[in-house]
Structure formats: structure tokens, C-alpha cells
Amino acid sequence: MTLRRHFLLTVTLGLTLGCAGAKPTVPAPAEPGALERVALVHGGAGPWAVAGYRMGDYALQQLGLPRGSFKLEVVHHSPAKVQYTCVADGAAAATGASLGKLNLSLETTPSPEDVATTFRNRDTGQSLTLRPSASFVQRFRDVPREKLGEAGRAVLTLPDAEVFETVTP
């Protein structure tokens with residue numbers, strides 16, 4: 001077998017198996033264009049917006065919904081402070097939820113400890129609430145403006161558990 005044929009077979013087999021529903025332990029977050037998608041919606045790709053993107057992408061996988069689905073409802077809970085509300089824009093970038101489609105909303109909470117985003121499949125009622133992990137909050141709280149892009153790129157490469165966690169009811 002030629003090297004080229006071996007490479008094509010490996011790539012084809014890898015793509016086929018990857019599409020067969022096998023979920024890696026740590027999802028590959030470095031989707032091509034992810035930072036650009038966040039920046040398009042948010043105006044930049046800082047750590048909190050990228051965390052929202054990661055949360056939204058994960059939620060779509062868990063709920064079995066495609067990006068842009070009208071079946072998805074996203075409710076972001078946070079204080080009315082830019083650092084925390086950035087998560088909502090990231091979630092919108094990942095999921096396609098929007099104010100105009102009436103499937104994205106913000107509920108103001110008094111404390112940063114209450115930051116969480118609920119993703120719900122309107123058809124099935126299945127929902128998932130995610131919040132930034134304690135290690136994420138500690139590492140990325142109050143990142144200086146000139147380091148936001150660098151921090152956002154770092155968040156894109158972290159394992160899920162270092163970015164967010166599931167809130168159990």
C-alpha cells in the first residue's frame with residue numbers, strides 16, 4: 001500500500017469512526033473558526049466569552065441539537081457585569097441562540113457565585129445547567145484588556161473540566 005493510500009484510508013477511517021457517535025473523553029474544542037465565531041458575536045474572544053462558547057458547544061452535543069436550532073432555549077444567569085455576561089455571547093456564538101429568535105435570555109443575579117447557563121431542549125424538556133469551574137474563575141477573573149485574546153486562546157485548549165462544570169439540581 002502506498003503512503004498516500006495509507007494516509008487517505010487512515011483519514012477516511014478516522015472521520016468515519018469520529019462521526020459514528022464515539023465521544024472522546026475531552027472533546028476537541030479547537031474547532032476551526034471558533035475564536036472568529038466568538039469575536040463576530042461578541043466583538044472579541046476573551047476568556048469568559050470563549051468559556052460560554054465551550055459551554056454552548058458541549059450543551060448542543062449533550063442535548064443532541066444542531067447549531068441554530070429553534071428547539072434550544074438558553075438562559076444565562078449572572079450579575080449585570082460585563083465579565084460575567086460575556087458568557088452569554090459565547091453561548092450564542094456556539095449555539096446560534098439569539099434574542100431575535102426568542103431563545104436566548106439573561107436573568108440578572110446578585111452574586112458572581114450564581115453565574116450559570118441553562119440549555120434546554122424545548123421539545124423534550126431535557127436541560128443542562130453549566131457554570132464556570134472554580135479553577136476557571138480563579139485563573140481568568142479580571143484579565144487585563146490587553147491580555148484578553150491570549151487568555152481566550154488558552155481557554156479554547158483547556159479540558160472541559162478546567163473551563164466549566166455541571167450544576168446538579
Student: What heavy-atom pair brings Val38 and Ala45 nearest, and what distance separates the two atoms?
Tutor: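 In this case the closest contact between Val38 and Ala45 is CG1-CA, 3.9 Å.
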Student: Could you tell me if the side chain of Pro132 sits less than 4.5 Å from the side chain of Val163, heavy atoms only?
Tutor: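 The answer is no; the side chains never approach within 4.5 Å.
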Student: With rounding to the nearest 0.5 angstrom, report the CZ to OG1 distance, Arg122 to Thr124.
Tutor: 12.0 Å
Student: Locate the shortest heavy-atom distance separating Leu35 from Gly152; write the atom from each residue and the value.
Tutor: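 Heavy atoms of Leu35 and Gly152 come nearest at CD2-O, 4.1 Å.
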Student: To the nearest 0.5 Å, what is the distance between CD (Glu162) and CZ (Arg54)?
Tutor: 9.5 Å
Student: Going by the ring pair (Phe, Tyr, Trp, His ring centres under 6.0 Å) test, which pairs reach into residues 146-169, not counting sequence neighbours?
Tutor: Tyr58-Phe164
Student: To the nearest 0.5 Å, what is the distance between CG (Leu60) and CE (Met55)?
Tutor: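 CE of Met55 is found 12.5 Å from CG of Leu60.
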Student: Closer than 3.5 angstrom, by distance alone: can the side chain of Arg120 be matched with the main-chain N or O of Leu128 as a donor-acceptor pair?
Tutor: no
Student: Is it true that Val50 and Val41 fall in one hydrophobic cluster, defined by side-chain heavy atoms closer than 4.5 Å?
Tutor: no
Student: I want to check something: taking the side chain as every heavy atom from C-beta on, are Asn121 and Leu65 in contact at a cut-off of under 4.5 Å?
Tutor: yes
Student: List, one per line, each side-chain donor-acceptor pair under 3.5 Å for residues 105-116, sequence neighbours excluded.
Tutor:
| unit_1 | atom_1 | unit_2 | atom_2 | d |
| --- | --- | --- | --- | --- |
| Ser111 | OG | Glu113 | N | 3.1 |
| Ser111 | OG | Glu113 | OE1 | 2.3 |

Student: Tell me, please, which residues at least two apart from Phe140 pass ring pair (Phe, Tyr, Trp, His ring centres under 6.0 Å).
Tutor: Phe136
Student: Is a side-chain donor or acceptor of Ser69 paired with a backbone partner of Pro66 at a separation under 3.5 angstrom?
Tutor: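 Looks like no, no N/O pair under 3.5 Å.
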Student: Write out all pairs satisfying side-chain hydrogen bond (donor to acceptor under 3.5 Å, both in side chains) with one or both partners inside residues 88-103, taking only residues at least two apart or from two chains.
Tutor: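 Sorted result for residues 88-103: His42-Asp89.
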Student: Quick one: list whatever passes side chain to side chain contact (heavy atoms under 4.5 Å, CB included) with Leu104, sequence neighbours left out.
Tutor: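 Only Val74, Ala92, Ala97 meet the side chain to side chain contact (heavy atoms under 4.5 Å, CB included) criterion with Leu104.
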Student: Sorted by first residue and then second, give each ring pair (Phe, Tyr, Trp, His ring centres under 6.0 Å) pair with at least one member in residues 65-121; sequence neighbours left out.
Tutor: Trp48-Tyr84
Student: Any pair with a residue in residues 134-152 that passes salt bridge (charged side-chain N to carboxylate O under 4.0 Å, His left out), sequence neighbours left out, goes on the list, sorted by first then second residue, please.
Tutor: none
Student: Sort and list the pairs that fulfil side-chain hydrogen bond (donor to acceptor under 3.5 Å, both in side chains) and have at least one residue in residues 126-135, not counting sequence neighbours.
Tutor: Thr118-Thr129, Arg131-Glu165, Ser133-Ser135
